[in-house]
Amino acid sequence: MVPPLAVDIDGTLSRADRSIDSRVLDVLREWDAPVVVATGKALPYPVALCGFIGVPERVVAENGGVSYDRDRDRLHFHGDREAAQDVVDEYVARGHSLGWGDVDLVNRWRETEVAVSRDQPLAPLREIAEKHGLHVVDTGFAYHVKSPGMHKGRALESLVADLDYAMGDFVAVGDSANDVELLEAVGTGYAVANADDDAKAAADHVVAGAYADGFLDAVDAALAE
Ligand SMILES: O=C(O)COP(=O)(O)O
Ligand SMILES: [Mg+2]
């Protein structure tokens with residue numbers, strides 16, 4: 001039986017430069033069970049990716065802040081942007097910047113957290129977030145200011161509640177700290193070879209391949225189980 005699949009985007013379906021490796025598109029399109037795209041990106045990105053791939057729009061966005069299932073007509077929010085905004089407002093007041101330029105499309109459609117460029121200093125961001133009771137997760141592509149209880153694992157649960165599957169039926173593939181709870185929550189978690197130490201520790205298996213090679217290794221292994 002083909003297991004339902006939850007998959008991260010950046011670092012897992014993408015190359016290091018965030019471009020999607022085209023080999024993954026048909027694998028996802030032909031996957032014979034539900035696919036959930038689970039990402040730190042804002043909602044429009046995974047929704048568009050599902051549309052372009054040709055799979056039902058069933059996504060976790062913003063590191064678990066938002067979940068959406070088009071077939072079930074369900075949109076859930078699991079986080080609070082205002083709390084994260086207070087943190088970055090204080091960060092900017094201290095003379096730092098979010099690092100995305102004046103036209104910030106990274107945060108424009110973001111509803112439950114705020115992302116800061118990794119070329120900005122992390123230590124003061126963490127310090128301010130902690131003071132506000134929030135967390136900063138480093139995805140390897142951005143720093144995300146979010147509430148500690150908001151993660152991809154919890155958001156996947158909100159989608160799975162409407163499917164004829166259990167969390168333990170799912171296979172997940174990811175590469176970074178924002179995938180930890182997802183990798184732990186599913187039946188079998190795979191980390192790609194480029195994954196950070198947190199994701200590798202949370203996964204049941206670390207595959208040999210990096211980036212999309214690793215995703216393809218993981219789905220081969222999942223189908224062989
Ligand atoms: O947007 C990010 O920072 C990371 O995105 P990802 O969860 O798809 O890897
Ligand atoms: Mg990733």
Side-chain angles (χ1 to χ4, degrees), residues 5-21 24-25 28 35-50 52-53 57-68 78-79 81 84 88 98-100 104-120 122 125 129 135-146 150-156 159 171-186 189-203 206-207 209-216 218:
L5 175 66
V7 63
D8 171 60
I9 299 179
D10 287 313
T12 304
L13 299 178
S14 82
R15 306 178 184 89
D17 68 0
R18 300 185 100 162
S19 61
I20 296 287
D21 187 317
V24 307
L25 301 176
L28 293 170
V35 171
V36 177
V37 174
T39 182
K41 291 171 179 287
L43 184 66
Y45 294 91
V47 167
L49 181 62
C50 288
F52 291 137
I53 291 173
E57 290 95 336
R58 190 181 288 118
V59 307
V60 168
E62 301 188 15
N63 297 304
V66 188
S67 53
Y68 174 63
H78 313 276
R81 166 139 181 176
V88 296
L98 303 195
W100 308 117
D104 174 3
L105 297 189
V106 173
N107 289 305
R108 186 174 183 102
W109 303 290
R110 202 173 282 277
E111 296 171 275
T112 63
E113 52 142 59
V114 180
V116 176
S117 170
R118 290 180 87 249
D119 57 20
Q120 302 303 307
L122 176 58
L125 187 64
H135 274 192
V136 178
V137 65
D138 177 3
T139 67
F141 294 90
Y143 303 136
H144 296 255
V145 180
K146 64 174 199 64
M150 172 186 134
H151 51 71
K152 292 181 184 182
R154 184 176 159 217
L156 180 67
L159 294 178
V171 162
V173 194
D175 77 312
S176 81
N178 69 334
D179 298 311
V180 163
E181 296 90 347
L182 175 69
L183 293 167
E184 287 173 347
V186 296
Y190 292 90
V192 289
N194 53 295
D196 66 22
D197 290 344
D198 291 338
K200 283 180 176 167
V206 179
V207 295
Y211 298 98
D213 284 329
F215 170 71
L216 297 173

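Order of appearance sets the numbers: ligands from 1, and atoms from 1 within every ligand.
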With rounding to the nearest 0.5 angstrom, report the OG1 to CZ distance, Thr112 to Arg110. 7.5 Å
Between OD1 of Asp175 and O of Asp10, what angle is found at the Mg ion (ligand 2), rounded to 10 degrees? 90°
Please report which non-hydrogen protein atom sits nearest to atom 6 (P) of ligand 1, along with the residue it belongs to and the distance in Å to one decimal place. Asp8 OD1, 2.8 Å
Counting each atom of ligand 1 from 1 as listed, which ones have a heavy atom of Ala142 under 4.0 Å away? 3 (O)
Taking only heavy atoms of Lys41, which atoms of ligand 1 are found under 4.0 Å from at least one of them? 1 (O)
Which heavy atom of the protein is the closest neighbour of atom 5 (O) of ligand 1, given with residue, atom name and distance? Asp10 OD2, 3.1 Å
How many angstroms lie between CZ in Arg18 and NZ in Lys41, if you round to the nearest 0.5 Å? 4.0 Å
Distance only, no hydrogens: is a donor on one side chain within 3.5 Å (strictly under) of an acceptor on the other, for Ser19 and Arg15? yes
Look at atom 8 (O) of ligand 1 and say which protein heavy atom is nearest, naming residue and atom and giving the distance to 0.1 Å. Thr39 OG1, 2.6 Å
Evaluate the side-chain proximity of Ile9 to Ile20: yes if any heavy-atom separation is below 4.5 Å, no if none is. yes
Which bit of Asn178 gets closer than 4.0 Å to ligand 1, counting heavy atoms only: side chain, backbone, both or neither? side chain
Of all the N, O or S atoms in Asp8, the one nearest to the Mg ion (ligand 2) is OD2
closest protein heavy atom to atom 1 (O) of ligand 1 is Arg18 NH2, 3.3 Å
Any N or O of Gly40 closer than 3.5 Å to N or O of ligand 1: yes
Provide the number and element of each atom of ligand 1 under 4.0 Å from a heavy atom of Ile9. 8 (O)
Min side-chain heavy-atom separation Leu28-Phe215 under 4.5 Å: yes
Would you find more than 12 non-hydrogen atoms of other residues, nucleotides or ligands less than 6.0 Å from Asp119 atom CG? yes
Options Lys152, Arg118, Arg110, His144, ranked by nearest heavy atom to atom 2 (C) of ligand 1, top entry: His144
Test applied, side-chain hydrogen bond (donor to acceptor under 3.5 Å, both in side chains); reference residue, Asn178; option that passes from Asn63, Thr139, Asp8: Asn63
Could you grab the distance from atom CG of Leu98 to atom CD of Gln120, nearest 0.5 Å is fine? 7.5 Å
